Amino acid sequence: MNIQKLYKLYKQHPVITTDSRECPQGSIFIALKGASFNGNKFAKMALEKGCSYAIIDEKEYAEEGNDRLILVKDALVTFKKIARLHRREFHIPVIGITGTNGKTTSKELISAVLSEKYNVLHTEGNFNNDVGVPKTLLRLDGEHEIAVIEMGASHQGDIKKLVEYVEPTCGLITNVGRAHLEGFGSFEGVKLTKGELYDYLKANDCLLFLNESNPDLSEMAAQRNFERIISYGQNDMVSVQGEIIDCAPFLHFRWREVGSEWKEVMTHLVGAYNLDNMLTAIALGLHFSVAPQQICHALETYVPSNNRSQLTETAHNKLVVDAYNANPSSMAAAIENFRLMNVENKMAILGDMRELGEVTDVEHQKVVEQLKAAGLTNVWLVGENFGKTNTDFKKFHDVEEVKAEIAKAQPQGHYILIKGSNGTKLFELPTLL
Ligand code: ATP
Ligand code: MG
């Protein structure tokens, strides 16, 4: 069956499931494959449970005379192609976002700002991969006026593949840093991969939103000779300029458009690095004609609830919870921000940074050195990678050991930074502190 016919079928059955445990009546099951599962094996069962059709890509699961099992070359590619045809039905601005850190935060802030004026479709949570992005595109409907799509990458070529389906009309890279080095090979590999968004935008004469204060991004944009740029940053050469007023502990900043008055914003986000994310949202908001007052309102009322840059007060301690992910650049930013916070009794519970390949040991040792230089003395390090560092800081094998220590030591009256890769499960700690 060709892709146009499959798309027609989708229009008649506009619910897609990739999980054989959830098979709504009349839906289409797509047999995806992963390292430890093969959706083809569950296709027949999906039909029995209620799906009208199942798209599979292994011949042995097809059945003569059963046209509800549709055999294609690659089910994931078919899924993405269906999503692309769907996306093409909507002639609205589509904002593509990638970068090492701050994609989800920027996406949330941009969506909050644009929602002041428009009906916005945005990536839910962190659904930024090969499966999440097509799922998001398929949620587009006639009511939406703008789409904000987060695109993640862990290998070279990932963004190139995603933009071919998203077809953004404008976009931005939040920053480029040292993460997923196992997959990217090196920092150059990170720049090349994130740069695939710039390549697409340039080739299609799309508008680029550029954080001019970031030398890597400025260089990457200059290399591609962009003509259509809206710039933002901390100097006064840009279209939207921002300055931190303080971080005590929430980011309080001011911003202005060239030639106009400063406007102050008191946010609910911890972390000086969030200024970049805020300015991104402001630049987008202004471009799409959201009034400055509404922009400020959206940013002031945005309260994170996703373990990113969140400040939580428990009965015993104040917590800076950043336990969603960690890589060398976000870890460095979080520690620097914690250093700058003018509060007493600081403590840090930090978990391993994963997927760093051969630089794992070096990068963990760097964190230890940064912690020492920041004057932090009460530090708990969690995981195998931190376990190998040379330091006197307390070390824990895993989060369970930390829980036991919390029960024993019952820390009180501390300001505690909690950060680590998701896999270290430090997000289980706040309720115990
Ligand atoms: P993922 O790759 O997991 O999707 P992401 O790019 O979506 O991550 P966020 O979830 O927004 O990033 O933020 C994750 C963490 O990165 C934050 O909790 C914070 O520590 C850090 N971070 C956020 N924004 C920035 C920034 N502009 N610069 C540096 N670090 C940042
Ligand atoms: Mg994200």
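Start at 1 and go down the list; that is how both ligands and their atoms are numbered. These numbers were taken from a predicted model, which means no experiment stands behind them.
Contacts of D322 with ligand 1, taken as heavy-atom pairs under 4.0 Å, involve the side chain alone. Only side-chain heavy atoms of N128 come within less than 4.0 Å of ligand 1; its backbone N, CA, C and O stay farther off. The proximity of T105 to ligand 1, defined as any non-hydrogen pair under 4.0 Å, involves the side chain as well as the backbone.
The existence of a salt bridge linking E164 and K160 is confirmed by a sub-4.0 Å separation between a basic side-chain nitrogen and an acidic carboxylate oxygen. Comment: R339 engages E336 in a salt bridge, judged by a side-chain N to carboxylate O separation of less than 4.0 angstrom.
For residue N128, no N/O/S atom approaches the Mg ion (ligand 2) to within less than 2.8 Å. For the Mg ion (ligand 2), the set of nearby N, O or S atoms under 2.8 Å includes none belonging to N325.
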Next item on the list: With salt bridge (charged side-chain N to carboxylate O under 4.0 Å, His left out) as the test, would you mind laying out the steps for K366 and E363 before giving the verdict?
Entry: CA-CA 5 Å; K366 273 193 205 159; E363 292 296 346; 3.4 Å; yes
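Of the N and O atoms on the side chains of Y232 and T280, at least one donor lies less than 3.5 Å from an acceptor on the other residue.
Nearest heavy-atom pair, D322 versus A334, reported as atom, atom and distance to 0.1 Å: OD2-CB, 4.1 Å.
Among the atoms of S329, none of the N or O lies under 3.5 angstrom from an N or O of ligand 1. Residue-to-ligand polar distances keep G99 apart from ligand 1: every N/O pair is separated by 3.5 Å or more. In terms of polar-atom proximity, E150 is counted as a contact of ligand 1, with an N or O under 3.5 Å from an N or O of the ligand.
Nearest-residue assignment for atom 15 (C) of ligand 1 (options N101, N325, V270; heavy-atom criterion): N325.
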